[in-house]
Amino acid sequence: QVQLVESGGGLVQAGDSLRLSCAASGRTFSGYAMGWFRQAPGKERELAAAISWSGISTNYADSVKGRFTISRDNAKSTVDLQMNSLKPEDTAVYYCAAAVTHASERIYYTADQYHYWGQGTQVTVSS
C-alpha cells in the first residue's frame, strides 16, 4: 500500500504559475503509474495529467495541454505538476493518484483505474 500527500496548492491570479507536489510513502514507488486529477465544484473529477511508471509516457487533458507539465522522480518517490498560465477555470481541488501496474509505459485515464488517492489540495485562480 502507498500513502500520497499533496502540497503546493494556493490562491493565485490568472496567468500565474503553481507547482503541485505529491509525496508517496509506504512501499516502493516503482510499479505505480501516476495521475493528477481535479474536481471543480459541481463537476465530475477529471484527469488533468498522467505519467507512466517509467516517466517516459505522459498524457494531458486538452484543456491543460501546453500549460501543465507532469514529472516524477522515482528515487525521491515524488510526482509533480507544474502549472503555468493558470486560468480561472483551473480552479479545483487537485488530487494525486496511483495505479498499480506491471507495464512500465502504460498510462491510466479514468479514476476507477487508480487504486490510491491523496487528500487533495485546493487551487484557486482569480481573474
Side-chain angles (χ1 to χ4, degrees):
Q1 190 168 355
V2 64
Q3 292 79 43
L4 304 172
V5 178
E6 303 98 336
S7 61
L11 172 63
V12 297
Q13 293 187 332
D16 286 351
S17 298
L18 271 179
R19 189 175 184 89
L20 304 183
S21 186
C22 174
S25 62
R27 54 174 285 181
T28 178
F29 197 48
S30 298
Y32 292 100
M34 301 298 295
W36 280 99
F37 285 77
R38 64 185 186 179
Q39 187 166 21
K43 294 187 177 181
E44 292 188 356
R45 191 171 297 192
E46 64 172 1
L47 179 69
I51 190 166
S52 63
W53 166 13
S54 69
I56 293 175
S57 301
T58 58
N59 181 267
Y60 298 92
D62 287 343
S63 58
V64 308
K65 274 181 184 175
R67 300 188 298 120
F68 290 13
T69 302
I70 189 171
S71 61
R72 67 188 292 165
D73 186 333
N74 286 344
K76 296 181 179 179
S77 297
T78 58
V79 57
D80 292 347
L81 186 67
Q82 177 66 42
M83 305 185 295
N84 299 328
S85 303
L86 283 161
K87 304 175 180 180
E89 50 264 44
D90 294 319
T91 295
V93 178
Y94 283 72
Y95 297 92
C96 173
V100 177
T101 184
H102 298 289
S104 62
E105 298 310 322
R106 186 168 177 180
I107 290 176
Y108 297 84
Y109 299 92
T110 61
D112 60 359
Q113 294 178 302
Y114 287 79
H115 303 92
Y116 303 103
W117 293 82
Q119 81 288 350
T121 185
Q122 177 70 47
V123 172
T124 303
V125 185
S126 64
S127 56

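Values below: every heavy atom of this structure, side chains too, minus hydrogens, waters and symmetry copies.
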When you measure from the side chain of Thr58 to the backbone of Ile51, do you find a donor-acceptor pair of N or O atoms at a distance under 3.5 Å?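 No: the side chain of Thr58 does not pair with the backbone of Ile51.
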Shortest non-hydrogen contact from [X] to [Y]?
X	Y	value
Gln122	Ala92	NE2-O, 3.4 Å
His115	Ala99	ND1-CA, 3.5 Å
Arg72	Ala33	NH1-CA, 4.0 Å
Ala14	Ser127	CB-CA, 4.4 Å
Gln1	Tyr116	CG-CE2, 3.4 Å
Ala98	Val2	CB-CG1, 4.3 Å

Give, for atom [atom1] of [X] and atom [atom2] of [Y], the distance between the pair rounded to the nearest 0.5 Å.
X	Y	atom1	atom2	result
Met34	Cys22	CE	SG	4.5 Å
Asp16	Ser85	CG	OG	9.5 Å
Lys65	Asn59	NZ	CG	6.5 Å

Cluster check [X], [Y]: I/L/V/M/F/W/Y, side chain < 4.5 angstrom:
X	Y	value
Leu81	Val12	yes
Val64	Leu18	yes
Leu47	Leu4	no

Partner set under salt bridge (Lys or Arg N to Asp or Glu O under 4.0 Å) for [X], not counting sequence neighbours:
X	value
Arg106	none
Asp112	none
Lys43	none
Glu46	Arg38

Evaluate the criterion side chain to side chain contact (heavy atoms under 4.5 Å, CB included) for residue pair Gln3 and Val5; output intermediate values, then yes/no. CA-CA 7 Å; Gln3 292 79 43; Val5 178; 5.6 Å; no
Sequence neighbours left out, what pairs pass ring pair (Phe, Tyr, Trp, His ring centres under 6.0 Å) with at least one residue falling in residues 35-69?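 Every pair satisfying ring pair (Phe, Tyr, Trp, His ring centres under 6.0 Å) with a residue in residues 35-69: Phe37-Tyr114, Phe37-Trp117.
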Is the shortest side-chain heavy-atom distance between Asp80 and Gln82 below 4.5 Å? no
Beyond-backbone contact of Leu20 with Met83, side-chain heavy atoms, under 4.5 angstrom: yes
Is a salt bridge present between Asp90 and Lys87, judged by a nitrogen-to-oxygen distance below 4.0 Å?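 Not counted as a salt bridge, because no side-chain N and carboxylate O are separated by less than 4.0 Å.
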Please step through side chain to side chain contact (heavy atoms under 4.5 Å, CB included) for the pair Glu6 and Tyr94, ending with a clear verdict. CA-CA 8 Å; Glu6 303 98 336; Tyr94 283 72; over 6 Å; no
Set of residues satisfying side-chain hydrogen bond (donor to acceptor under 3.5 Å, both in side chains) with respect to Thr121, sequence neighbours excluded: none
Checking side chain to side chain contact (heavy atoms under 4.5 Å, CB included) for the pair Tyr32/Val100: CA distance, chi angles, key distance, verdict? CA-CA 5 Å; Tyr32 292 100; Val100 177; 3.6 Å; yes
